Amino acid sequence: MLFGLKTELQKRLRSNGVLLRESLSNPELKQYSVIILDEAHERSLNTDILLGLMKRLIKHRASDLKVLITSATLDGLKVSNFFSGCPVLNIPGTIFPVEKFYSTDRPTNYIESSLRTAIDIHVKEAPGDVLIFMTGKDDIDKMVSKLEERIQNLEEGSCMDALVLPLHGSLPPEQQVRVFSPAPPNCRRFIVATNVAETSLTVDGVVFVVDCGYVKQRQYNPSTGMYSLDVVEISRVQADQRAGRAGRTRPGKCYRLYPSSIYQKEFLEATIPEIQRTSLAGSVLYLKSLNLPDIDILKFDFLDPPSRESLEDALRQLYLIDAIDESGQITDVGRLMAELPLDPSLSRTLIEANELGCLSQALTVAAVLSAEITLRQTRNKDMEGKRKRQELSDGSGWGDHVQLLQIFESWDQADYDPRWCSEHDLQVRGMKFSKDVRNQLSQIIQKIAKGPTDLQARRGRKSDPDYRKLRRALCVGYGNQLAERMIHHNGYHTVGYRTQLVQVHPSSVLEGDEYGKLPVYVVYHELINTTRPFMRNVCGVEQTWVKPILKKLEKLNINKLSGGSSALIDYEPLEEKQPGSPTKAAAAKQSDVDSKIQAARERYLARKGKK
DNA sequence: GAGCACTGC
């Protein structure tokens, strides 16, 4: 019945992102009498912000607004408490029972252990497909080839045929859809997958699930400004979600490669919501731009508040790129930025590019960067594609932003031919996504655009051969992500309120001068800590452009920034006076989240080290 | 000399 209802409503459904945009121009959302927050259990950044806004809105529109929150797993009581005891309706699910088996110990090598379990199922169990959860592409590839090998070695005729299929996000679509065609007769399918199979994709025919108990997760550390991609333990909710995948068509079995004591005591109840794992610059800017009279970012009522540290980090970043002034008030530039559905740094770059007369190029860079991660093919080990891509950048060496621009312009010259992408080892999907984003951005920015927004590849280059305008715009937009080279070598340190030693990522196309020295100043798109802290997507900038940023850094005062109208109030005592208030909760230490993640990571590394 | 899970306005 619910499904029917949803279909009926489909015409009126807006995505969370769109509702947030609508809030900008119409904060009371008067045109709606019912708002449905769907899939709230996924706890995306947008969902969490909307939950906070809805709570606020209900107070203002108590008589004429209904809010319905649907969730597959979200703890109803917690949400009910958040919304001052609103009613909870339970709709019983229809999935079949899934029997769970635990291993007695944590395996030292979960690939090997999954492999043995999978073979065991194949030999002993009744027909039915097997879904195996792994953490990433590398593990999946390894698992697929080993599994195929072991199955080959089984005695002929001892069991049914087998088909092993990988499934992960960077797989080309034509390979992804293979999992949707049912198994041939007398054949068992093994689907080796990442998280995609947990919620996003449903694979029919699965009766057995093998769960390694880990997941790859991206997190942001506000005290260093760095992201890391870690293998961490899953949560109980995730474990149950994975198990549930075995019971969609008939009763199933789930093999958990961890003891039940670990499930009970070590796993977190739920996955740490995105709002506590990501940089909040964009969200804070959004909330500031709503212009709600009584809004104070540090006291905003979140279901799970982000740390104080993370909010302050966002304020500092926004200040450095002119989105808020030194007392934390949103600026005119900030208002414009909030209208663009982009990272604040990219929005700022676009606005500056518009002033400098290189908007068209900046639009391309912003669009391509939004999809950059999925751009590169990882299929080919050889360097052919990389070499070909480098030819496209005709050796400008100014950095990765310029290269991405040139790649897109070349694709444009090739009339957006998908074959061109494959020839240059680029993912068609990512390139198409860039193209869509670019179109959307051009439309939004049309009303303030001072120059052409359509792609004008040749002309742009001719009028500015060194991309100075574009790089200057990037320098303003990424004023919060600036690094200075060491005197004697090509290492860098970040410039800002916290300093980190970092290096240019080896995949960068940034070039040195005749002595091999890289530019003295660069801006970067992100810091990612893998084997070492790396700057990814780097652009060389000039010293004179950097001066205004350094000046702002001198003036930066977090007490003023976070204060708004109550700039002089010291926060710590204020929180103590209001125990149990959201403010208190908002002060939840980032270190709590960090230490949870860190502990989970260490446990994983310790086990990995043992093998 | 590294190697990124998931989405998607």
Side-chain angles (χ1 to χ4, degrees), chain A residues 14-24 39 42-47 133-142 166-171 176 193-201 212 214-219 227-232 234 238 241 271-274 277-278 282 286 338-343 346-347 363 366-381 383 385-386 400 425 427 429-445 490-491 502-510 525-537:
Chain A
R14 303 275 188 281
S15 76
N16 285 350
V18 175
L19 193 58
L20 281 174
R21 302 276 123 214
E22 284 194 32
S23 265
L24 266 181
E39 309 275 358
E42 286 177 10
R43 298 298 302 277
S44 71
L45 192 56
N46 286 344
T47 297
F133 282 102
M134 294 273 112
T135 59
K137 185 184 170 299
D138 282 358
D139 285 357
I140 290 174
D141 290 348
K142 220 181 280 176
L167 178 62
H168 52 82
S170 48
L171 216 57
Q176 269 188 16
T194 59
N195 276 13
V196 270
E198 208 173 280
T199 48
S200 317
L201 285 177
C212 70
Y214 293 109
V215 68
K216 208 177 268 187
Q217 216 171 51
R218 189 177 144 101
Q219 22 250 340
Y227 278 95
S228 58
L229 197 66
D230 305 317
V231 174
V232 298
I234 57 172
Q238 259 180 307
Q241 183 79 30
T271 310
I272 297 171
E274 194 184 358
R277 288 190 285 116
T278 193
Y286 171 79
E339 303 233 1
L340 296 163
L342 287 172
D343 281 350
L346 285 174
S347 312
L363 278 170
V368 180
L369 263 180
S370 312
E372 193 271 337
I373 284 153
T374 49
L375 221 57
R376 266 174 273 121
Q377 288 273 17
T378 35
R379 190 161 35 94
N380 303 334
K381 277 273 176 213
M383 291 286 118
K386 191 184 177 182
D400 306 299
D425 209 20
Q427 291 217 23
R429 200 174 2 155
M431 293 297 285
K432 278 189 175 153
F433 182 71
S434 308
K435 193 177 162 218
D436 290 346
V437 171
R438 196 185 184 287
N439 285 338
Q440 282 167 25
L441 292 175
S442 320
Q443 273 173 23
I444 298 172
I445 211 159
N490 276 338
V502 294
Q503 287 190 329
V504 177
H505 197 274
S507 67
S508 175
V509 294
L510 186 74
H525 182 66
E526 73 171 1
L527 285 184
I528 179 118
N529 194 2
T530 49
T531 49
R532 278 187 233 158
F534 286 112
M535 297 181 282
R536 286 199 55 233
N537 289 321

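Quantities reported herein were computed from a predicted structural model and do not represent experimental measurements. Naming: A, B, ... by sequence-line order, numbering from 1 per chain.
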Margin query: Between A:S44 and A:N46, do the side chains contain a donor N or O and an acceptor N or O under 3.5 Å apart?
Written below: no
Next item on the list: Measure from the side-chain heavy atoms of A:P341 and tell me the nearest of B:dA2, B:dA5, B:dC9.
Entry: B:dC9
Margin query: Quick check for you: among B:dA5, B:dC9, B:dG8, whose closest atom lies nearest to any side-chain atom of A:F433?
Written below: B:dG8
Next item on the list: Answer yes or no: is there a side-chain heavy-atom contact under 4.5 Å between A:P341 and A:L441?
Entry: yes
Next item on the list: Give the rounded distance in Å between these two atoms: CD of A:Q503 and P of B:dG1.
Entry: 10 Å
Next item on the list: Let me know the distance between CG of A:L441 and P of B:dG8, rounded to the nearest Å.
Entry: 17 Å
Check: Looking at A:T194, does any N or O in its side chain come under 4.0 Å of the phosphate oxygens OP1/OP2 on B:dC6?
Finding: yes
Margin query: Between A:G169 and A:T531, which residue's closest nucleotide on DNA chain B lies nearer the 5′ terminus?
Written below: A:T531
Note to self: In whole Å, I'd like the distance from the CD atom of A:Q241 to the P atom of B:dA5.
What the structure shows: 21 Å
Checklist line | A:Q219 and A:D230, any side-chain heavy atoms less than 4.5 Å apart | finding: yes
Item checked: Length of the line joining A:R218:CZ and B:dT7:C1', which is rounded to integer Å -> 12 Å
Next item on the list: In whole angstrom, give the distance that lies between atom CD of A:E526 and atom P of B:dA5.
Entry: 14 Å
Margin query: With a 4.0 Å cut-off on N to O distance, would you call A:K432 and A:D436 a salt bridge?
Written below: no
Checklist line | Residue A:P506, side-chain atoms from C-beta onward, closest of B:dC9, B:dC6, B:dA2 | finding: B:dA2
Check: Rounded to the nearest Å, what distance is computed from the CG atom of residue A:L229 to the P atom of nucleotide B:dA5?
Finding: 7 Å
Notebook entry, point to check: So which one's nearest nucleotide on DNA chain B is more toward 5', A:F534 or A:G136?
Noted result: A:F534
Note to self: Within the 4.0 Å heavy-atom criterion, would you say A:V196 contacts the bases, only the backbone, or no part of the nucleic acid?
What the structure shows: sugar-phosphate
Notebook entry, point to check: From the list B:dG8, B:dA2, B:dA5, which nucleotide is the closest neighbour of the side chain of A:H505?
Noted result: B:dA2
Next item on the list: Please report, rounded to the nearest Å, how far the P atom of B:dG8 is from the CG atom of A:N46.
Entry: 11 Å
Margin query: Tell me if a side-chain donor or acceptor on A:Q217 pairs with a main-chain N or O of A:L229 at a distance below 3.5 Å.
Written below: no
Item checked: Whole angstrom value for the distance that separates P of B:dA5 from CG of A:L171 -> 11 Å
